[in-house]
Amino acid sequence: MPREYVLETFRSPLHLRIDYAKELNEQQYAAVTAPPGPALVIAGAGSGKTRTLTYRVAFLLEQGIPPEAVLLLTFTNKAAKEMMQRVNDLLGGVLAGLWGGTFHSIGARILRRNALALGYEPDFSILDREDAKDLLQACLGEMKIDHKAEHFPKPDVLGDIFSLAINKDQPVEAVLKEQFDYFLPAAPHITQAHACYQARKKTANAMDFDDLLALWLRLLREHPEVREEQQRRFQFLLVDEYQDTNKIQGALLDLLAARHGNIMVVGDDSQSIYSWRGAHFQNILKFPERHPKATVYRIETNYRSTPEILRLANAAIAANVHQFPKQLTAARPAGAKPALVACGDGAVQAAFVAQRILELHTQGRPLEKIAVLYRSHFHALELQLELTRRHIPFSITSGIRFFEQAHVKDVAAHLKFVVNPRDEAAFKRIVRLLPGVGAKSADRIWTAFQAGHSAAPGAGLAKILVKITSPVPKKAEEHWEQFTETIAQLEDGKARQSVASMIRLVLEAGYEKYMQEQFSNYRARQEDIEQLASFALQFESAEEFLTQLALQTNIEAEATAPARRGEPGILLSTVHQAKGLEFDVVFIIMLCDGLFPAARAMENLEGEEEERRLFYVGLTRARDELYLTFPLIRVTRGSWAEQTQQASRFLRELPGELLDRWQIRTRGVY
């Protein structure tokens with residue numbers, strides 16, 4: 001029987017440029033130097049995720065892995081560029097051949113090389129949003145969609161529906177049922193429009209942004225030779241922000257890793273907050289099931305926040321059932337306990353936040369190191385007013401302040417016209433909302449109205465409008481009738497007694513339907529209008545309300561100008577838009593049940609757990625000080641009356657000893 005002799009793999013002694021043990025903490029070092037095979041790195045907030053991923057790339061290259069065998073996937077071009085540059089700095093320029101970039105950019109490169117296999121030419125065009133809108137408009141023209149007879153989404157909204165269908169890997173009908181149920185009666189025509197859009201793209205040798213993922217996946221699934229070539233080439237896959245991947249991205253990664261199994265995904269399940277745009281939480285949660293040999297590494301040392309803030313964050317996320325348990329520990333010394341502040345109402349909450357910001361600034365805290373976070377933009381309405389009143393500069397992550405938003409200005413224009421029939425700008429803004437009415441049509445209609453108003457100055461506006469027929473485009477005739485009826489209702493003496501009623505009337509009389517057709521985030525905009533109606537309850541007349549609106553808009557433009565020019569100012573942001581950012585001081589406001597967590601997200605366990613993760617993300621943005629606030633009384637939807645608010649269930653879950661409770665005592669009236 002022959003003797004067995006084991007031949008060991010020979011490697012020349014490695015002379016590493018980097019002292020990994022010195023540069024990294026123990027948990028980071030374990031992940032960076034992990035042996036080949038599947039690995040899930042759960043990197044907690046502020047724990048050095050990017051550093052870990054960057055050093056992992058460097059480590060692989062120093063081990064002799066050819067750069068062209070490594071694929072680094074990120075979610076932004078900026079992140080990819082920064083990581084590639086950091087690896088280059090660490091190793092002194094050995095990146096030739098290394099593939100790194102966003103999923104979409106890598107998909108485009110691969111599709112260019114293999115376009116013929118899918119029936120495309122390699123010089124295919126990539127449609128931007130405006131190009132896609134034009135193509136969809138052409139489809140609707142071809143289909144002769146009658147918007148008068150059918151409640152149908154505009155091209156921008158159609159594009160968002162089709163994009164969600166791809167990113168969620170669902171049929172268009174399923175997306176309609178789940179997120180756009182008000183368009184279900186039009187589902188057959190929407191499906192037809194989708195088929196037309198797909199066909200027109202193919203004819204034009206064009207792909208849209210989502211095709212760069214969907215067609216890449218199709219390429220791998222339908223062409224074994226291409227799949228095998230990519231599997232052989234990319235021997236090591238590294239993925240950033242894995243918790244944000246959607247179903248298609250998850251499937252792509254699993255296919256690419258199927259041969260070698262060398263896939264390292266880095267992310268934080270506790271920061272998975274984007275299901276509404278297609279992110280699939282199960283990708284990270286079920287990774288060990290899909291890759292049974294996977295090793296899970298936890299990086300839990302946080303370099304951002306104080307121990308007091310981290311203890312609160314750990315307690316906040318503990319109630320989630322579906323998660324990888326982790327305990328963030330602080331590398332920083334002790335600080336102040338987070339403050340819990342119950343406020344009388346929204347105005348008192350705004351006054352507290354504004355006054356505390358000024359106190360902090362007086363103590364030396366730069367304004368740009370302070371952020372106010374919330375669940376939805378309309379939660380900051382009272383605060384925006386208070387900040388402008390006190391001349392505290394601020395910027396908003398959406399870039400558009402509350403009163404500057406198109407839907408708020410549209411509704412206000414109806415009231416402006418009723419109050420002042422000579423307001424040409426308001427009148428033209430309203431009529432241009434009607435189908436087929438452009439700038440020239442609006443001019444002709446305005447001229448006709450002026451003539452009628454001059455001839456009968458004492459007549460009701462609706463009586464004048466109903467006589468205007470010839471300048472109104474044919475496709476707008478039915479909508480014109482609704483418009484004149486709305487103006488008649490707004491003119492009614494009883495309606496004029498309540499500004500809030502006037503706003504709700506505009507919404508219910510047709511503007512709600514308009515928003516559904518025009519905006520994919522219709523529900524958020526509807527909440528804005530309802531909040532505007534609540535705000536209007538404090539005014540006795542439409543004139544007083546509109547005066548305050550104009551003053552606030554102009555004061556706001558002046559007061560926030562420094563922040564717009566890039567000069568110091570605090571940041572107002574939704575938690576979603578603040579992910580990845582950090583601040584010395586963070587205020588999280590409107591922490592009431594129904595607001596944060598949002599009411600519509602509480603219908604199932606998945607929704608509640610994502611809301612809790614969102615709260616966790618907000619908490620972990622703070623470095624030194626954290627303030628949690630909520631109003632005890634607030635005007636609520638439906639009743640349009642002040643009602644007692646219940647503190648957010650997320651606050652009620654927190655151990656009392658982790659919080660410093662503040663009691664507000666007011667001087668004067670807010």
Side-chain angles (χ1 to χ4, degrees), residues 147-148 151 154 182 377-378 381 400 402-435 437 442 445-446 449 460-466 468 472 476-519 521-550 552-553 635-641:
H147 284 274
K148 291 190 297 182
H151 184 32
K154 293 295 190 290
Y182 40 88
H377 273 299
F378 75 84
L381 171 56
I400 303 174
F402 186 87
F403 295 121
E404 296 174 350
Q405 298 176 102
H407 51 296
V408 173
K409 294 179 74 172
D410 288 344
V411 171
H414 286 76
L415 275 62
K416 286 182 178 181
F417 173 62
V418 170
V419 168
N420 176 20
R422 289 180 291 184
D423 191 331
E424 179 181 355
F427 180 84
K428 288 183 176 179
R429 184 179 188 96
I430 302 167
V431 298
R432 290 189 67 177
L433 299 175
L434 307 180
V437 178
I445 296 171
W446 171 247
F449 170 74
L461 299 179
K463 291 181 179 179
I464 298 170
L465 293 171
V466 78
I468 299 174
V472 178
E477 287 176 355
E478 185 178 321
H479 294 77
W480 182 258
E481 292 177 12
Q482 175 62 62
F483 167 57
T484 58
E485 176 61 27
T486 301
I487 296 300
Q489 291 176 304
L490 290 172
E491 283 186 292
D492 182 80
K494 186 176 180 181
R496 290 287 297 268
Q497 291 176 9
S498 169
V499 186
S501 295
M502 294 177 74
I503 292 171
R504 293 199 301 277
L505 194 153
V506 173
L507 187 64
E508 295 164 2
Y511 193 70
E512 180 174 11
K513 184 177 179 181
Y514 171 84
M515 288 195 297
Q516 289 175 350
E517 294 175 353
Q518 292 286 343
F519 308 117
N521 65 340
Y522 142 71
R523 287 190 171 90
R525 291 176 186 257
Q526 181 190 35
E527 287 181 335
D528 284 344
I529 301 303
E530 289 170 345
Q531 179 67 13
L532 184 68
S534 297
F535 171 70
L537 287 170
Q538 64 187 289
F539 301 102
E540 294 183 0
S541 68
E543 290 84 351
E544 184 185 350
F545 168 74
L546 292 170
T547 299
Q548 185 66 19
L549 216 64
Q552 287 297 337
T553 302
V635 175
T636 59
R637 291 170 56 182
S639 68
W640 300 103

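One is the number of the first residue; the rest follow in order along the sequence. For the numbers below, each heavy atom of this structure counts, side chains included, while hydrogens, waters and symmetry mates do not.
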Engineer: How many angstroms lie between atom CD of Q405 and atom CD1 of I529, to the nearest 0.5 angstrom?
Structural biologist: 8.0 Å
Engineer: When rounded to the nearest 0.5 angstrom, what is the spacing between CD in E481 and CG in L465?
Structural biologist: 12.5 Å
Engineer: Can you check whether F519 and Y522 have ring centres sitting under 6.0 Å from each other?
Structural biologist: no
Engineer: Measure across A442 and V437 and return the closest heavy-atom pair with its distance rounded to 0.1 Å.
Structural biologist: N-CG1, 3.9 Å
Engineer: Kindly indicate whether the side chain of L490, heavy atoms from C-beta on, has any atom under 4.5 Å from the side chain of F417.
Structural biologist: no
Engineer: Quick one: are F483 and L433 in side-chain contact, heavy atoms under 4.5 Å?
Structural biologist: no
Engineer: At their closest point, which heavy atom of A500 faces which heavy atom of A536, and how far apart are they?
Structural biologist: N-CB, 4.1 Å
Engineer: I'd like to know if the side chain of Q482 pairs up with that of T486 as donor and acceptor (distance under 3.5 Å, no hydrogens or angles considered).
Structural biologist: yes
Engineer: Roughly how far apart are L415 CG and F545 CZ, rounded to 0.5 Å?
Structural biologist: 6.5 Å
Engineer: Quick one: pull up CZ in R525 and CG in D410 and give me the separation to the nearest 0.5 Å.
Structural biologist: 9.0 Å
Engineer: Is a side-chain donor or acceptor of E527 paired with a backbone partner of F378 at a separation under 3.5 angstrom?
Structural biologist: no
Engineer: What distance do L532 atom CG and I503 atom CD1 have between them, rounded to the nearest 0.5 Å?
Structural biologist: 4.0 Å
Engineer: Taking Q531 for the side chain and L381 for the main chain, is one N or O donor matched with an acceptor at less than 3.5 Å?
Structural biologist: no
Engineer: Search all heavy atoms of P435 against all heavy atoms of A476 and return the closest pair with its distance.
Structural biologist: O-CB, 3.1 Å
Engineer: Restricting to non-hydrogen atoms, name the atom on I468 and the atom on V472 that form the minimum distance, rounded to 0.1 Å.
Structural biologist: O-CG2, 4.0 Å
Engineer: Only one of H407, H377, R523 passes side-chain hydrogen bond (donor to acceptor under 3.5 Å, both in side chains) with D528; say which it is.
Structural biologist: H407
Engineer: If we ignore hydrogens and angles and just use 3.5 Å, is the side chain of W480 paired with the main-chain N or O of V431 as donor and acceptor?
Structural biologist: no
Engineer: Restricting to non-hydrogen atoms, name the atom on A413 and the atom on R429 that form the minimum distance, rounded to 0.1 Å.
Structural biologist: CB-CD, 4.0 Å
Engineer: So do the side chains of H414 and L505 get within less than 4.5 Å of each other, counting heavy atoms only?
Structural biologist: no
Engineer: Quick one: ring-ring contact (aromatic ring centres under 6.0 Å, His included) partners of W446, sequence neighbours excluded?
Structural biologist: F427, F449
Engineer: Out of curiosity, S541 OG to M502 CE, how far, rounded to the nearest 0.5 Å?
Structural biologist: 10.0 Å
Engineer: Which residues satisfy the side chain to side chain donor-acceptor pair (under 3.5 Å) test with K416, sequence neighbours excluded?
Structural biologist: none
Engineer: Can you confirm whether V419 sits close enough to R496 that some side-chain heavy atom of one is under 4.5 Å from a side-chain heavy atom of the other?
Structural biologist: yes
Engineer: E485: what forms a side chain to side chain donor-acceptor pair (under 3.5 Å) with it, not counting sequence neighbours?
Structural biologist: none
